[in-house]
Amino acid sequence: MSSEVPRATMLCSGCHQMTTHRFIYAGRLLTHTECENCGHVVHSTYQGDLPHEYLDDLKQRLRTKPRRMARRAARHPVTFLAALPRAIIRQPLKLAREWRTVRQEKRDQGSR
Amino acid sequence: MTTPNRVAVPKAVGVVLAAGSGTRFGAQQSKVFLPLAGRRVFTWSLRSFAQVRSIRRLVLVIRDLDRDLTMQTLEREFDDDIPVEVITGGNTRHESELAALRYLAPAISDGSINIVLLHDGARPIIPPSLVRALIKNAARTGAVIPGMINDDIRPINPDGTIQMVPAARFVGAQTPQVFNARAILSAYEQAARDQFIGTDTMSCYQHYHPGGGEWIPGDPRNLKITYPDDLFEAERILHDTNFHIE
């Protein structure tokens, strides 16, 4: 999925209006959302143990990665091979960015 | 209109409505395209439908501007045997439903489809067991929705005060709403001629088939992503079931 921060319109539980929200993820885990109208932030329910949750989820992602890659390779071998070098280069950066988000969340949690 | 006949062998189509009606601009996307536990919100319900044997076809209704993202998403996230047919919807939920029914009209006419499930793409968690129960009921009765009894709902007066209706029982309507295919197609075609728009699919059906329409207990996990908080709740449910809803 894209590394951009997704934005979508939802009903805000802070200002109770249909507003644009930002959705911040660390890998597959949604860490928090922010209302762009009132600034209301909703945090993940397992905030207390986010690094642990993230690492658990990462393990599962890594376990299923070979199967997912094999499926893509079988379906569209040329597209898969063409995209592979870029994907390999981007992977460490992606993981580093995710871990940075997790640590930032942990710091924010400590200051709340 | 006449009461729909019973269906002996259900041959169903699952329609997921992901066209939305909210305003979108700039970098915004529809909430059904938000990531949820590693997949986009709408692909979870397509995967549930794909696990139900009597569902022969899957139709995804989108807005044209979401087509590229939709095709990329399906390529990455949907690997079931049954293909997903992607069509363009309208500006409202009602128009999108009509577009889907008209797209399916040839199959409904020739009898290769006899049950239609219309599902809100913003409800990612639908247990296949619930879908099976709905199809079974709709084959017998012609129309059924999943509902959750909610005795806490109170009507609001025009002046903003709350009415207390102690004896009233309310059901919170969920989706998929499931219908005899010919009956729902004829209702929507007649509604188009009459310019009638119901509050939801069942209300349009009942307008043209008075007295029809049942409900069966839904599932509390079948939540609609409305508030950002709902996305966290859906993620928690998927995590707790090891990403496999049954």
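Protein chains get the first letters and strands the later ones, always in sequence-line order, with residue 1 at the start of each.
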Student: For the aromatic rings, using the six-membered ring if either is Trp, is the centroid distance between B:Y188 and B:H94 under 6.0 Å?
Tutor: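 Yes - the distance between ring centres of B:Y188 and B:H94 falls below the 6.0 Å cut-off.
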Student: How are the rings of B:W44 and B:F243 set relative to one another: parallel (under 30°), tilted (30 to 60°) or perpendicular (over 60°)?
Tutor: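 Parallel.
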Student: Which atom names give the shortest non-hydrogen contact between B:A173 and B:R123, and what distance separates them?
Tutor: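 Reported closest heavy-atom pair: O-NH2, 3.3 Å.
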Student: Under 3.5 Å, is there a donor-acceptor pair linking the side chains of B:T70 and B:D66?
Tutor: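 B:T70 vs B:D66: no donor-acceptor pair found between side chains.
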Student: Taking atom types as modelled, is there a side-chain donor on B:T201 or B:R93 under 3.5 Å from an acceptor on the other?
Tutor: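 Yes, a side-chain donor-acceptor pair sits under 3.5 Å.
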Student: Can you tell me which portion of A:R75 sits under 4.5 Å from chain B's heavy atoms? Options are side chain, backbone, both or neither.
Tutor: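 Side chain of A:R75 only, per the 4.5 Å heavy-atom cut-off to chain B.
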Student: So if I take each residue of residues 33-41 of chain A and look for any heavy atom under 4.5 Å from a heavy atom in chain B, which residues do I end up with?
Tutor: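 When heavy atoms of chain B are the reference, residues 33-41 of chain A contributes A:T33 within the under-4.5 Å range.
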Student: Where does the angle between the aromatic ring planes of A:F23 and A:H21 fall among parallel (under 30°), tilted (30 to 60°) and perpendicular (over 60°)?
Tutor: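 The rings of A:F23 and A:H21 sit tilted, inter-plane angle from 30° to 60°.
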Student: Anything under 30° is parallel, anything over 60° is perpendicular, the rest tilted; go ahead and classify B:F179 against B:Y205.
Tutor: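 Taking B:Y205 first and then B:F179, their aromatic rings sit tilted (interplane angle of 30° to 60°).
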Student: Side chain, backbone, both or neither: which part of B:Q72 has a heavy atom under 4.5 Å from chain A?
Tutor: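 Neither part.
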